[in-house]
Structures are given as structure tokens and as C-alpha cells.
Amino acid sequence: MVVFALVNSGNSGGYYVASKRTSMGMGRGLPHDLDGEINDAKQKGEEVEEVSIGLDGDWFLRTDRRHACKTLHDQVRSISNVELFVQLAQKGGMDLANYAIQFFSFVPDTTGYVTVFHKVDGSLTQCAWHNVPPKLDGLLEREASKGVRQVAVGMNGSYVVILNTGVVWWNGVPEPLSQLLWDAEKKGRRIVVSITAFTERD
């Protein structure tokens, strides 16, 4: 499995890529605190399983042993999207100590996200989202109970949703990606996708 993330802010053209097969990772132009967290994980012998990078240096990291997110902020009242999710979950009465986040997808809205988290005893998997495009909101309302494997969200309401059943839903993605998704569905290939389109630049 390959872990891949693109930096969505600034002009750095940054990225992070790692392969479980080689247990190595390479990154460029990453937020400094994320870079430090990844290096710390490597020194402790942890395997990076998920990296997501959002706007304004926001990020989420999952290793085979723990989770981490941006906690240092330039503005006093600012919080990361992961921290926002935690606050909203706690307000809803959820005890997150019993759950492990599987993935965290940032969206073009600076307070938006989609996340999937499992109960540690394996009894329950849930999907939560906030400030996502309206069509994606409607789709998740209808389909999330069937189990969500992965979600990627881009500009202008574009998204790809992959359910645990292998069913893939997408909207507003570039035609070449749409064709690849159709072909993969027809041939029964497993799909892993990340849309990075927070700016209008090509």
C-alpha cells in the first residue's frame, strides 16, 4: 500500500509519499510541525498509515500506533479541523476515547471535513462530516450507513466516495478521472483516490 498526500496551500508543490513495502517515506514542502511528527514517528519505529494535508497548514497523521493533528496555530482562537471534529463529537455526547480515526479528509471549506472512525472493539464504524458540498452531504446522508471506505473532495463540489462494498460515487471530477473510475468499476479493480484541487490553478 502507498500513502500519498499533497500540500494544498502555498506554492511549494509539496507532497508526502510512503510505501509500506519499503517502510520508507519522502516528503517535500510539508508543514514544519507535520514534518517533525513524521520524523518522530520514524525514530520510534512507527509505520505511517494515513496522512492528510488541508488548507493553512492543517494536517492529520495516523500511524500503526497513534493519531496526531495540527495543534499549534498562528491565531489565538484558531483550531484545526480535527480539533473541530473532536469538539463537535464531544458536544454530541460521543466518547472518542473508544474510537480510532481511520481517515480524515479535508475539504475546500476551511472548517469542512469528512472522517471515518472505528470503535476500538470493532463493533461499530461511523462516518462524520461537516461543511461539505451540498450534493456530497446528500449522498453521505443516504449512503454512509452502508460503510464508507474513503472520501476525497475537490473544488466546485467535486468528490469521490468509495463504500466498503466497493461501490464508487463521484461528481464533478475531471473527465480523465471519471473515465478511470468507470474503467476500474467495470474491471472490478480496487480504487484509492485523492483529489487535490483547492485552487483554480491547473
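Between Val148 and Leu163 there is a side-chain heavy-atom pair separated by less than 4.5 Å. At a threshold of 4.5 Å between non-hydrogen side-chain atoms, the residues Trp169 and Arg142 count as touching. Side-chain contact between Ser178 and Trp170: present, with at least one pair of heavy atoms (C-beta onward) separated by less than 4.5 Å.
Heavy atoms only, all atoms of each residue included: Gly112 and Asn81 are closest at O-ND2, 2.6 Å. Of all heavy-atom pairs between Pro108 and Gly154, the closest is CG-O, 3.2 Å. Minimum heavy-atom separation, Glu83 to Ser80: OE1-N, 2.8 Å.
Thr111 and Asp109 share a donor-acceptor pair across their side chains, judged by distance under 3.5 Å alone. Side chain to side chain, Gln43 and Asn39 fail the donor-acceptor criterion of an N or O pair below 3.5 Å.
For Phe60 and Phe85, the ring centers sit 6.0 Å or farther from each other.
Evaluated for a ring-ring contact (aromatic ring centres under 6.0 Å, His included) with His130, the options Phe106, Phe104, Tyr113 yield exactly one hit, Tyr113.
Under the 4.5 Å side-chain contact rule for hydrophobic residues, Ile101 and Leu96 share a cluster.
With Glu49 contributing its side chain and Glu47 its backbone, the two residues share no donor-acceptor pair below 3.5 Å. Thr63 contributes no side-chain N or O that, together with a main-chain N or O of Glu46, makes up a donor-acceptor pair within less than 3.5 Å. Looking at Arg62, its side chain never comes within 3.5 Å of a backbone N or O of Phe103 through a donor-acceptor pair.
A distance of 9.0 Å separates CG in Asn171 from CG in Leu136, rounded to the nearest 0.5 Å.
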